[in-house]
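See structure below.
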There are 2 protein chains.
Amino acid sequence: MPDATDPAPMNARRKFRREGEERRRQDLIEATLDSVAEYGLQGASLRTIALRAGVTAGLIRHYFPGKEELLQEAYATLVGRMTEHAKAALVAEDASPRQRLAAFVTANLNAPIIDTRVFSLWATFLGRAGADPALARAHREGYLGFRNEVEAVVAEVLAAEQRKPDASQLRHHAIAINAVIDGLWIEGCLAGEMFLPGELAAIGIKAVETELGLAPLEQFQEK
Amino acid sequence: MPDATDPAPMNARRKFRREGEERRRQDLIEATLDSVAEYGLQGASLRTIALRAGVTAGLIRHYFPGKEELLQEAYATLVGRMTEHAKAALVAEDASPRQRLAAFVTANLNAPIIDTRVFSLWATFLGRAGADPALARAHREGYLGFRNEVEAVVAEVLAAEQRKPDASQLRHHAIAINAVIDGLWIEGCLAGEMFLPGELAAIGIKAVETELGLAPLEQFQEK
DNA sequence: GGCCTTGTTGCGCAAGTGTATAAATAGCCT
DNA sequence: AGGCTATTTATACACTTGCGCAACAAGGCC
């Protein structure tokens, strides 16, 4: 016989708190990124996402028209975060162009940019770029913005060395530098433990400076 | 009233041909890769794959224990194809080391290696590497094999120039060269039309030769 | 030609999917 | 304190998914 003072009815409806709209959207997007990174696009069901966000599945449709839109916003958030953080190192300091370039490379080849979760998300979404023009465009814009930043610093670096490359050479330098950083980033994300701490950044800086024909600093010169 | 000579009964069972075991397995794997590239891991259902292969879904279970195993075999096939084709340019010719290295770069930065379908597959599967150790191991083995090949040619190239790099320098060169090629490959796959034909290969060769400190050939020298 | 093996189909099933919608309640406003 | 409303839960629904299984027939063998 149940105690008359039992405060918990058998079929109690789940307790919940009301959150501000922006907070909930943020939480749902974060839960989406977590789910995609962990289970892939296939395993990231609305119920999985909702569970991770601490709500029930139906709520998602209160904030997003459908799953498609949720994924798109999540991807936009990811891209924004990546490019924002990546470009920060370029503008923050008031050091020499060469130092800023080195800082940029270093920033991109260490945590938190080198991170398996971010890589999983990057690869998962980009795998759909071939079939989804919206994704492809989002990537291209991010990539071009990134490359233009690189090109600008490269121009400054070379100008500081009294060199006057033409537009084509500048473009090629930027493309190549961008490629090394991307490639090293991938290797670091996928097999970070194969490299010593700071090794990838050292390789990257050396490769970039060699590409630009900068004279090696004394302490790094080959014998 | 149906014609008595009508040769097609209303509920005719589908006609089919028996194929050799190896042929069917190949077809199913190919259909799997096609489906994954086009619809992603989520959209590549057994029924989609079977439709593409020209069979019914039930047959797949006659050749594979489950979907998981089918996907794993498909990925293994893909990796095998990529590394095989990539390494072919290295060993085929009896040219100078420097020419073989250039041919290797060129081969990796043109069709059929630069291909949106292959990239989609690569990214889609690799997006799961963070959560699936089997995938991560498969990638690492392919990557290391690839890098070792690069390192071997680099050693030959430098030896032909009378230079004696130590093991660490050799390793760093191989890592950097591998990274440029990977980065340029990605850019070519995702935004091939942003580059002139052969431009990526030219950028790659120049970057690789600069990385190794090779004197530029006359016709490519900067003015 | 007729049989026998087994590759192949067709169908059913339980679980899970995204979406729709009604019912409940948390928290602000007065 | 008490009502209003928007947020949240809960449930339903049509559909797809991977898998199991029995019936069927294609093609080699005698």
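Heavy-atom basis, side chains included; hydrogens, waters and symmetry copies ignored. Every chain is numbered from 1, with letters handed out A, B, ... down the list of sequences. Because the structure is predicted, anything quoted here is derived from the model rather than measured.
Residue-level contact check: Leu46(B) touches the backbone only, with heavy atoms under 4.0 Å from sugar-phosphate atoms and none from bases. Residue-level contact check: Arg47(B) touches the bases, meaning some heavy atom is under 4.0 Å from a base atom. Contacts of Glu21(B) with the nucleic acid, taken as non-hydrogen atoms under 4.0 Å apart, are absent. Residue-level contact check: Phe64(B) touches neither bases nor backbone, having no heavy atom under 4.0 Å from any strand. Using a 4.0 Å heavy-atom criterion, one finds that Thr56(B) contacts the bases of the nucleic acid, with or without backbone contacts as well.
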Audit row: Glu187(A), Asp182(B), side-chain contact (heavy atoms from CB on, under 4.5 Å) steps and yes/no: CA-CA 10 Å; Glu187(A) 297 174 18; Asp182(B) 281 355; 4.1 Å; yes
Steps toward side-chain contact (heavy atoms from CB on, under 4.5 Å) verdict (Asp34(B), Arg117(B)): CA-CA 8 Å; Asp34(B) 282 342; Arg117(B) 176 178 174 273; 2.8 Å; yes
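Mapping Lys67(B) and Arg17(B) onto DNA chain D by nearest heavy atom places Lys67(B) closer to the 5' end of the strand. Residue whose closest nucleotide on DNA chain D sits further toward the 5' end, between Arg14(B) and Gly58(B): Gly58(B).
Thr48(A) places no side-chain N or O within 3.5 Å of a backbone atom of Ala44(A) that could act as its donor or acceptor partner.
Protein atom CG of Leu51(B) is 15 Å distant from nucleotide atom C1' of dG10(C), rounded to whole Å. Between Leu59(A) atom CG and dA20(C) atom P there is a gap of 15 Å when expressed in whole angstrom units. Taking atom CZ of residue Arg23(A) and atom P of nucleotide dG27(C), one finds them 13 Å apart after rounding to whole Å. Note: CZ (Phe16(B)) to C1' (dA23(D)) measures 11 Å, nearest angstrom. Between the P atom of dT8(C) and the CZ atom of Arg61(B) lies a distance of 16 Å, rounded to the nearest Å. As a whole-Å value, the separation of Arg13(A) CZ from dA24(C) P is 7 Å. Atom OH of Tyr63(B) is separated from atom C1' of dT9(C) by 13 Å (rounded to the nearest Å). dA26(D) atom P lies 13 Å from atom CZ of Arg24(B), rounded to whole Å.
Comment: Arg128(A) does not engage Glu68(A) in a salt bridge, judged by the lack of any side-chain N to carboxylate O separation of less than 4.0 angstrom.
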Could you run down the sub-3.5 Å N/O contacts of the protein with nucleotides 3-6 of chain C?
unit_1: dT6(C); atom_1: O2; unit_2: Arg18(B); atom_2: NH2; d: 2.3

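Atom CD of Glu69(A) has more than 12 heavy atoms from other residues, nucleotides or ligands within 6.0 Å.
Residues Arg24(A) and Val55(A) form a side-chain contact, since some pair of their non-hydrogen atoms from C-beta on lies under 4.5 Å apart.
Among the candidates Arg147(B), Arg140(B), His139(B), the single residue satisfying the side chain to side chain donor-acceptor pair (under 3.5 Å) test with Tyr143(B) is Arg147(B).
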